[in-house]
Structures are given as structure tokens and as C-alpha cells.
Amino acid sequence: MTTTEPKIEKRLMRGNDAVGEAAIRAGCRAYFGYPITPQNELCEYMARNVPRMDRGVFIQSESEIAAINMVLGASVSGARVMTSSSSPGVSLKQEGISFLAAMELPAVIVNVVRGGPGLGNIAPAQSDYFQATRGGGHGDYRTIVLGAASVQELYDLTIEAFDLADEYRTPVLILSDGMLGQMMEPVVFGKEPRKDLPVKDWTLTGCAGRDSRFIRSLLLDVNVEEAHNWKLFRKYHQIERREVRCETYRTEDAKIVVVAYGTSARIARGAVNRAREQGLAVGLIRPITLWPFPKEIIRETAKHTKHFFVFEMSMGQMVEDVRLALNGAAEVHFYGRPGGVIVTPAELLRIVARQYHQIERGAA
Amino acid sequence: MSRKVFGRPRSLKPAVFHYCPGCGHSIIHRLTCEVIDDLGIRERTIGVPPAGCAVLAYFYFDVDMVEAPHGRGAAVATGIKRIQPDRLVFSYQGDGDLAAIGTAETIHAANRGERITIIFVNNACYGMTGGQMAPTSLVGMETTTTPGGRDPLAHGAPIRICELLKVFDGVAYLERTAVDTPKNIRRTKKAIRRAFQAQMEGRGFSLVEVLSPCPTNWKKTAVESVHWIGEVMSKQFPLGLVKDFEDGAGSSAACGPNEPASTTAADGGNSDAD
């Protein structure tokens, strides 16, 4: 018997390669990057595959600064464009990201986060959360930040990142890390880029058949600059209303809800399953959009859970957003390991269970 | 019967320049616009103004323009040109922008043989921020950050960009001119045209360095300033052709496999943007 069902392609892939493949399938025909571990496979994937695309452009730039500014040039030209790096390199891109946000130019920036500060190390970490979710560069702006927790999700979110960037004309950051970037998992190439996005009627292509136009961020008149900031923030509020992504897992009856994203959410999920096996009512909230942050879901959960346990591979950055979301409505506990240390589910369970029993004793 | 022999170039907007009296920018803007008109490329030109006095160039050039972060003109122009290889892409940069904070972007765009043109305006100081020392400030020159004069032992000697870029295989055209005399102004226009020609023929990277007066920060009158270019500044920065593609400069292979050998008129080379 033959089937007419279209066969969805599936491949075992490294996280960095999955981002590259997703970008290409999303129509990203321009990539500018600079080598840095642990994202090199992505740069190399693009070097192999982008030049094969119709009018594909790959440049290994002289610096991260040059790369993000080439991104700016490709973006004003209307191309879907991406750059990627790891923590120290993303610091260098911040000036350009601020300009992209100010000039309302779409672009996708991937940060395969490593341990820091400074040169740090090349192990997986989550210590760039503040930089990613607070804008990162100078001035009042936000970027959409997507935190993947699997190779499949890196693939899906990369396609989504291009769509969001184009829809809102804003830079979108993907937070991966040294673990997600390097590990291999099966990826289903199911997700497709959207086809209903607005036409790019603002690009700079030469002024044939229309008046010339310019794109800039210099607004010397303070009233004009203020109005532009308000315009940006109206857009950001719209993003906050419409684009929050979050996963909840076994939270309904939970006495403690762990909040974790990315790699630490995978570890936390293992710890939650083990806790449940021991009869402990522990659940998990996994923010997928780190900005906009899923405040409402956390607030909603606080109606029946009075203890939140934030777990991060950092000294505690997202924990501030959880506290802000709860605004005192529940207790917030924290466990973090910085510097690229990977916690095991057993270690996390030990810490969460101790907290759990303390709460139980306190309640009794 | 009268015949119009002189007018505002089509590519120059009917706006009043904000530049100081005696500044060279307005002349260089006009020359660039005249060349764009002469070549008939206004509708397929994209310009990249710098951070500096010329940041507002988009109020004067009637072509598509995008502002670059300070020093990043060559990188932004690279991104535009690689996506739209059939467009003429130029950046307009000052000496602080190009020769200090943007040195890396400039050198590597030149070395890759990017088919872009840089109009490099050298006035030997940071004009917009109030006359601080630039990499091109002359030895002994008093600026707000070299109140005792530029001391080469402390601050280095002036950077000669054309001579620096000459060594790169990807560079097709380099010329240093000035806007201090009618003859040199005409020479500057010819150089800009030649640089655009180098780009349009796919010869490689092109740059015109223009010595330009800054009476405000030089603390000179407009007349003293143009004389100073001829008598002092051009001794440090000799005028003339530095490199030309007719002499075999530039490299048709330097731009790599990304750029199509030819672009068909049908797709305009850029369906993404349409």
C-alpha cells in the first residue's frame, strides 16, 4: 500500500546545526559571523550552506562589531539576516543591536551562551539573561528573547524568530547555550515560516518610482526622540500582550513550582519527575519567551501555589523577573550554579526536596 | 533666448546646509550629487552617512540613505552591497569615523575588495564634537585634546589612509584630492566619478580622500583655511592618484563567490526588497 502523506523530514542534528538549517529554511539568505566557541558549528554550517542558496551571502567578518553592522546593511536591504556568537562576542554586538531596535530593523541574533564574566569559559551557562532581556545596549528598548530547551525547539524557535522579527520590525535574540549548541537530538523539519507577514515597504533599494527615504536613529529634537520611544514601547506592549510563550508542567496541585528556562528547565523537569515519584507535589513553569516574560502565568499559578523555586545556571538573574511578577504574592526561593557548572537532576531534587520538607514542617 | 547652464543637481534636496561657513562638506555633497546625476544612477544609489558633522546628509542627498553607527560605514555598506549587488553603494565618512573607530571595518572592506565607494572627508580633526585630535591631525596641530600641539611621541603621527589601503589587492581606486581651489574641486568631482565607475564595473573597493576645510575648529577664516590646505595640510597628505584599476589594481576575484557575475534586469537583483 502506498501513502500520499507528505513525509516530514527528520534528522539527527547538533543544536548549532539545527539553528543554521532552520534559518536557511526560513529564507535567511544572509549570514555574518565571527568564530567563537561554543557556536562555531553554526558559523561553519552557514559557510557551507548559505552560498548555495539563491543569491546567498556569507561573510566571516573581521569582528563581531562588523558582523552586526553588516546585518544592519542586509536588513535595510530587505533580506532575512542572522548573526550568531557566544557571550563575549554578543557583548560586542550590543551597539548594533541598539541601532537595529532604534531603526526598527528585523534581524535574528543567536547567543550560544558560555560561562562568564570576562572570557569566562566555554561551558554552558545562563548568565547573559540580564543582557538579553534588558535590551543589552544603550537606550530604552527591548528585544524579543527566545529560550530554547531542546534541539527541536532551537529549530522551531529559529523559524519563529525570523517571523517575529519581520512582523514587529525588531531584533530577536535566541538564547542557546554550550550544551544545547553542542548536543545532538532528532529534529523534525515540520515548522514552516509564516506566509502572512506584512510586505517590507520600508526597505532601501534605491528610489526608483518613489521618493527617496532614509532610516536613522539620530533624533536631535527631544520631543521627536520621546515620541519615537513611545512608538517603540507601544510596539513592545503589543508584543507583551500577544507573544508570551510558556510551558507549564504538573503545576495544578503543586506545593512548589520550579521556574527554569532552557537547559536548566530540562534538568528541572527531571527533578520534578523524581520528586513526583517520591510523592512530592512539585511542578515546573518554563518560560520560552524570556522577554516578554510570562508574568501572568506566574501570577495565576500563585493563586494556588505559595512557593516558587527558581533554578538558573547563574547567580540569579531571571529570579528577579519572577519576584517582580509575583510582587510579594508568594515566596521565591533560588538555587543557581554559575560559571558553566551543570547541575544534575538528583542534585536539584535534593535542594528542592529540602525546601519542600521545610515548608511542610513550617505548615504543620 | 537664455539657456540654463547651472542649477541645483537633481540628487541634492532643496535644503539649506547646516554646515559652518567655509566648511567643505557642502561642496563635497554637491560634487557627489552632480556625479550621481551625470551617471543617471540616483534611483539605484544607496548612501551611508556617518556619525559626525555629515550625519544629517540624508537631509541633503535625495537618494536612499541609512545612518551607520560611528565608524561602521564600510560594514553597513558591505551588507547593503552584498544583498543588492546591482546598486551603487557609497559611505560618506570623516577622519575620526573612518581612520580611528572604524579602522578595522575600513581595512577589511578594502581587503575583501567590496564593491563599495567611500567618500572620505579629511579635515584633520573631530569636527562635530568640537575639534579634538583626529588620527589625521598634523604634527604640532593644536586641538582641544592636544592643547600643546600633537606630539608624535605621545599621540602618533597622522595616518595616511590612501597609502595604508594601497597595499590591499582588493582595492581598485584611491585618490587624494582637496576642495581648496576651483581646480582641485573639479579634480575631486572627477575622482568621485572614477571611484563610482570602479564600483559599477565591479573592479573592487574605491575611496576618495578629500582634504576639506574646517574653519570653525581650525580657528581660521574660510580663506585662511583653504590656504592652509594648500600650503600646509597637502604637504602632509600629498594630493594625487594613489591607485587606479587601469593599472591592474583591484581584484575581480576578491569579492568571492557570493556575488553573482551578472545580475539580470528582470529580477533587479533583489526580489527580497521589492
Side-chain angles (χ1 to χ4, degrees), chain A residues 27 29-32 50-63 65-81 83 95-100 102-103 105 107 137 199-220, chain B residues 11 13 41-49 51 55-59 61-89 101-102 104-105 107-109 111-112 114 256-260 263 267-274:
Chain A
R29 72 167 176 102
Y31 173 92
F32 307 98
V50 172
R52 289 189 202 156
M53 298 174 75
D54 177 28
R55 294 169 297 134
V57 173
F58 170 89
I59 297 180
Q60 180 179 327
S61 59
E62 61 272 26
S63 69
I65 298 170
I68 194 73
N69 285 286
M70 291 173 188
V71 165
L72 195 158
S75 184
V76 295
S77 301
R80 282 197 153 184
V81 55
T83 184
E95 177 200 42
I97 296 171
S98 169
F99 273 71
L100 289 166
M103 294 158 112
L105 294 173
V199 175
K200 293 185 178 181
D201 56 3
W202 45 265
T203 55
L204 302 183
T205 55
C207 55
R210 60 165 170 82
D211 289 342
S212 67
R213 57 182 169 229
F214 51 83
I215 296 178
R216 60 166 172 168
S217 61
L218 180 77
L219 301 167
L220 289 171
Chain B
S11 301
K13 289 178 181 171
I41 53 172
R42 190 183 77 86
E43 296 189 336
R44 54 190 193 89
T45 293
I46 299 154
V48 183
V55 66
L56 300 175
Y58 37 73
F59 288 149
F61 284 83
D62 197 1
V63 301
D64 278 7
M65 288 201 132
V66 60
E67 204 174 80
H70 192 31
R72 318 298 172 214
V76 172
T78 295
I80 298 169
K81 184 69 179 186
R82 292 288 188 113
I83 299 298
Q84 307 184 77
D86 61 338
R87 302 299 198 269
L88 183 115
V89 182
I101 198 167
E105 286 79 1
I107 284 179
H108 286 275
N111 189 46
R112 286 190 306 266
E114 296 292 343
N258 288 329
E259 190 172 324
T263 315
D267 68 2
N270 182 37
S271 58
D272 279 334
D274 292 336

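Worth saying up front: this structure is predicted, and the values here are computed from it rather than measured.
Residue contact with chain B, scored on non-hydrogen atoms closer than 4.5 Å, is absent for A:Met53. With a 4.5 Å cut-off on non-hydrogen atoms, B:Ile41 does not touch chain A at all. Heavy atoms of B:Ala51 lying under 4.5 Å from chain A are absent altogether. Contacts of B:Val66 with chain A are made by both backbone and side-chain atoms, with heavy-atom separations under 4.5 Å.
If you take CZ on B:Arg72 and CE on A:Met70, they are separated by 11.5 Å, rounding to the nearest 0.5 Å. The line from CG of B:Asp62 to CZ of A:Phe214 is 10.5 Å long, rounded to the nearest 0.5 Å. To the nearest 0.5 angstrom, B:Arg112 atom CZ is 5.0 Å from A:Ile59 atom CD1. The CE atom of B:Met65 lies 9.0 Å from the OG atom of A:Ser212; values are rounded to the nearest 0.5 Å. The CZ atom of B:Arg82 sits 12.0 Å away from the CZ atom of A:Arg29 when rounded to the nearest 0.5 Å. Here B:Gln84 contributes atom CD and A:Thr203 contributes atom OG1; the two are 7.0 Å apart, rounded to the nearest 0.5 Å.
Judged by distance alone, with hydrogens and angles left aside, the side-chain atoms of B:Arg87 form a donor-acceptor pair with the main-chain N or O of A:Thr205 at under 3.5 Å. B:Glu67 places a side-chain N or O within donor-acceptor distance of the main-chain N or O of A:Leu218, the cut-off being under 3.5 Å.
Taking chain B as the reference chain and counting heavy-atom pairs below 4.5 Å, the highest number among A:Ser217, A:Ser63, A:Ser61 is found for A:Ser217. Taking A:Gly73, A:Ala30, A:Ala66 one by one and counting their heavy-atom pairs under 4.5 Å with chain B, the maximum is reached by A:Gly73. Interface remark: of the candidates A:Ala208, A:Ser75, A:Gly209, A:Ala208 forms the most heavy-atom pairs closer than 4.5 Å to chain B. For the set B:Ala75, B:Pro69, B:Ala104, the count of heavy-atom pairs under 4.5 angstrom toward chain A peaks at B:Pro69. The greatest number of non-hydrogen atom pairs below 4.5 Å with chain A, out of B:Val55, B:Thr45, B:Asp64, B:Val76, is found for B:Asp64.
Residues B:Lys13 and A:Asp211 are not paired through a salt bridge, judged by the lack of any N-O separation under 4.0 Å between the basic side chain and the carboxylate.
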